Number of protein chains: 2
Amino acid sequence: MASREDFAMTDLFPQKGHDHSRCVDSALREAEKVCDAENARFTDMRRLVFSLIWKSHKAITAYELLDAIQAGGQRVQPPTVYRALEFLTQLGLIHRIESLNAYFGCDMPHHHHLGQYFICRQCGRVAEAVDEEMSNAVRKAARQVQFRIEATTIEIKGLCHDCATH
Amino acid sequence: MASREDFAMTDLFPQKGHDHSRCVDSALREAEKVCDAENARFTDMRRLVFSLIWKSHKAITAYELLDAIQAGGQRVQPPTVYRALEFLTQLGLIHRIESLNAYFGCDMPHHHHLGQYFICRQCGRVAEAVDEEMSNAVRKAARQVQFRIEATTIEIKGLCHDCATH
DNA sequence: TGACGTGATGTTATAATATATCATTTCTTG
DNA sequence: CAAGAAATGATATATTATAACATCACGTCA
C-alpha cells in the first residue's frame, strides 16, 4: 500500500487511475500482521470478506458482501458474514460507517486511532482521516462537559473534489 | 425551555431532578414557532410523535414510538411513524442518532447548526452540543482535502459525568 | 497419536429497522 | 363548495441484524 505520506492532503481520496491491486495486496499484508500480533486467525472466510471489502474504496453492506460471496458459489448465511465483519471491526481492520450501515477497509490498522470519515455521495468513496485537530476538539469538548469518551463516530457527507469539479 | 445559557457547561446533561415538564412545554412551543415560520403543519400525529420523543432526554427508536402510540389505543403502522420522523427531522425539531437508529428532541430548533451528540451508554441520555471548535475543525479538515460538506454526523459515546461518578 | 476443548462456521429461524405503493381522508384555497 | 394538495391509512415487502443450536476444524497435551 502506498504509505500515508505518498498522498498530498488533497489526495486523501485515491486517484481514479491508481493501481488498486497494490492497495489490496498491502491491506492483506497489514491484516496478516495485525492478526499475527493479536494471535487471531485470519481464516479463509475472514480473508474473503476482507478482500471483498477492499475491492473498492467504497463502503459495502453486509448483504452486498453476502451476495458477492454467493455469486462466487459458496452458500453462506448472514451470520457468517456478520461474524467476519465483527472480527475485522474489532481488530480495526475495517470500519463501520453508521450512517450507511456499511463497512470499508482501514488503511492503517496497525495503530489505534479515532478516525473521521469523508463519504462522497456521488461516487460513494470513503476516505479516512486521522486529524488531530478534530480529535482534540472532540476531546476538549468532552472534557468541558466531563464526559468520558469511549467511542466516536465522525462521518462527513458531501462531495469529494473529483465529483464537485467534474 | 431553559435557554442554553441557563446551564453551565458541565450541565449539558440536565440535572436528574429537573422539572421536565418545562422542557416539554418549551419544546412544543418552539416546535410550533418553527412550523409556523416554515408554513408546515404541526398535525396531531406529528405533535404526538414529537411529545413522545420528548418524554425523556434519551433517544427513542421508531418502533418504540410505534408501540407507545399503539399503547395509547391508536392503531398506527410504521410508515406513519417514519413519516412523522422524517418531517420533524427535516425541520430540525429532532435529530437522528445514526449509531442507535434512534431519535431525540432538539433543544434549539430555531437556528441551523451542525450539532455534536454525547450519548451516555449507561443512562441512555443524549446531549447535544454546538461546539464551534469541533465544527471549525471539521470544516478545516474538509477544506484541506477539498471536500464539500453537506452533512455531518458526530456522535460521541461514553459515560456522562453522573454515570461515571456514581 | 488421539481425545478434548476451544474457536469458527453452518443452519434455521426470527427480530429489528425501513420503505414502496396505492387508497382514503383532511386541509387549504380559489 | 369544488378541486388540488398534503397527510394519513393500509398492505405488503425490503433491508439489516441476531439468537440459538449443530457441526466442523484446529491446536494441545496426556
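Naming: A, B, ... by sequence-line order, numbering from 1 per chain. Everything numeric here is computed off the predicted structure, so don't read it as measured data.
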S.K.: Quick one: side chains of residues 86-101 of chain A, donor-acceptor pairs under 3.5 Å with protein atoms, not counting sequence neighbours, listed by atom name and distance.
M.R.:
residue: A:Thr89; atom: OG1; partner: A:Leu85; partner atom: O; Å: 2.6
residue: A:His95; atom: ND1; partner: A:Tyr117; partner atom: OH; Å: 3.3
residue: A:His95; atom: NE2; partner: A:His113; partner atom: NE2; Å: 3.4
residue: A:His95; atom: NE2; partner: A:Glu128; partner atom: OE1; Å: 3.4
residue: A:His95; atom: NE2; partner: A:Glu128; partner atom: OE2; Å: 3.2
residue: A:Arg96; atom: NE; partner: A:Glu98; partner atom: OE1; Å: 3.1
residue: A:Arg96; atom: NH1; partner: A:Tyr103; partner atom: OH; Å: 2.9
residue: A:Arg96; atom: NH2; partner: A:Asn101; partner atom: OD1; Å: 3.0
residue: A:Ser99; atom: OG; partner: A:Glu155; partner atom: OE1; Å: 2.6
residue: A:Ser99; atom: OG; partner: A:Lys157; partner atom: NZ; Å: 3.1

S.K.: What's touching nucleotides 8-10 of chain D from the protein side, N or O pairs under 3.5 Å?
M.R.:
residue: D:dT8; atom: OP1; partner: B:Thr43; partner atom: OG1; Å: 2.4
residue: D:dG9; atom: OP2; partner: B:Thr80; partner atom: OG1; Å: 3.1
residue: D:dG9; atom: N7; partner: B:Arg83; partner atom: NH1; Å: 2.9
residue: D:dG9; atom: O6; partner: B:Arg83; partner atom: NH2; Å: 2.6
residue: D:dA10; atom: N6; partner: B:Arg83; partner atom: NH2; Å: 3.2

S.K.: Hey, is the side chain of A:Arg96 poking within less than 4.0 Å of OP1 or OP2 on D:dA17, counting only N and O atoms?
M.R.: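 Checking D:dA17 against A:Arg96, a side-chain N or O does come within under 4.0 Å of OP1 or OP2.
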S.K.: Under the criterion side chain to side chain contact (heavy atoms under 4.5 Å, CB included), which of A:Leu48, A:Ile60, A:Val76 is the partner of A:Leu65?
M.R.: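 Testing each of A:Leu48, A:Ile60, A:Val76 against A:Leu65, the sole residue satisfying side chain to side chain contact (heavy atoms under 4.5 Å, CB included) is A:Ile60.
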S.K.: Taking all non-hydrogen atoms of both residues, which atom of B:Phe118 and which atom of B:Ala129 are closest, and how far apart?
M.R.: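 Looks like CE1-CB, 3.8 Å.
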S.K.: Centroid distance below 5.5 Å plus an interplanar angle below 30 degrees: do A:Tyr63 and D:dT16 meet both conditions?
M.R.: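 Yes, A:Tyr63 stacks on the base of D:dT16, since the ring centres sit under 5.5 Å apart and the planes are within 30°.
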S.K.: Whole angstrom is fine here: how far is it from CG in B:Asp67 over to P in C:dA15?
M.R.: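 It is 14 Å, rounded to the nearest whole Å.
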S.K.: Hey, is the main chain of B:Phe104 close enough, under 3.5 Å, to the side chain of B:His57 for a donor-acceptor pair?
M.R.: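 Not a single qualifying donor-acceptor pair exists.
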S.K.: May I ask you to verify if any side-chain N or O of A:Tyr82 is less than 4.0 angstrom from the OP1 or OP2 atom of D:dA17?
M.R.: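 So the side chain of A:Tyr82 is within the cut-off, an N or O lying under 4.0 Å from OP1 or OP2 of D:dA17.
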S.K.: Could you work out, with side chain to side chain donor-acceptor pair (under 3.5 Å) as the rule, every residue matching B:Ser135, not counting sequence neighbours?
M.R.: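 By the side chain to side chain donor-acceptor pair (under 3.5 Å) rule, B:Ser135 matches B:Gln116.
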S.K.: Please identify each residue that fulfils side chain to side chain contact (heavy atoms under 4.5 Å, CB included) with B:Arg148, with sequence neighbours left out.
M.R.: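 Testing B:Arg148 for side chain to side chain contact (heavy atoms under 4.5 Å, CB included), a comparison that skips the adjacent residues, returns A:Leu159, A:Ala164.
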S.K.: For B:Glu86 and D:dA7, give me the distance from atom CD to atom C1', rounded to whole Å.
M.R.: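 Interatomic distance, CD of B:Glu86 to C1' of D:dA7: 12 Å.
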S.K.: State, to 0.1 Å, how close B:Glu30 and B:Pro109 come at their nearest heavy-atom pair, and which atoms those are.
M.R.: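 Result for this residue pair: CB-CG, 3.9 Å.
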S.K.: Return the value, rounded to whole Å, for the distance between atom CD1 of B:Ile60 and atom C1' of C:dT17.
M.R.: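 In whole Å, C:dT17 C1' lies 14 Å from B:Ile60 CD1.
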S.K.: Any protein N or O atoms within reach of nucleotides 24-30 of chain C? Criterion: under 3.5 Å, listing atom names and distances.
M.R.:
none

S.K.: Calculate the interatomic distance between A:Glu98 atom CD and C:dA18 atom C1'; express it in whole Å.
M.R.: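 Taking CD of A:Glu98 and C1' of C:dA18, I get 16 Å after rounding.
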S.K.: Atom CG of B:Leu65 and atom C1' of C:dT17: how far apart are they, to the nearest Å?
M.R.: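 Atom-to-atom, B:Leu65 to C:dT17, this comes out as 13 Å.
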S.K.: Could you note down all residue pairs passing side-chain hydrogen bond (donor to acceptor under 3.5 Å, both in side chains) where residues 40-49 of chain B supplies at least one of them, sequence neighbours left out?
M.R.: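 As it turns out, the side-chain hydrogen bond (donor to acceptor under 3.5 Å, both in side chains) pairs with a partner in residues 40-49 of chain B, which skip direct neighbours, are B:Glu32-B:Arg47.
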S.K.: To the nearest angstrom, how far is B:Leu85 atom CG from D:dA7 atom P?
M.R.: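 My rounded result for the distance is 15 Å.
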S.K.: In this structure, how many angstroms lie between the P atom of C:dT17 and the CG atom of A:Leu100, rounded?
M.R.: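 That distance rounds to 18 Å.
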S.K.: Hey, is NE2 on B:His111 packed in by over 12 heavy atoms from elsewhere, all under 6.0 Å?
M.R.: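 Counting neighbours around NE2 of B:His111, more than 12 heavy atoms of other residues, nucleotides or ligands fall under 6.0 Å, so yes.
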S.K.: Output the rounded distance in Å from CZ (A:Arg47) to C1' (C:dA8).
M.R.: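 Distance, rounded to whole Å: 16 Å.
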S.K.: Please check the phosphate of C:dT17 (OP1 and OP2 only) for any side-chain N or O of A:Asn101 closer than 4.0 Å.
M.R.: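 Indeed not, no polar side-chain atom of A:Asn101 lies that close.
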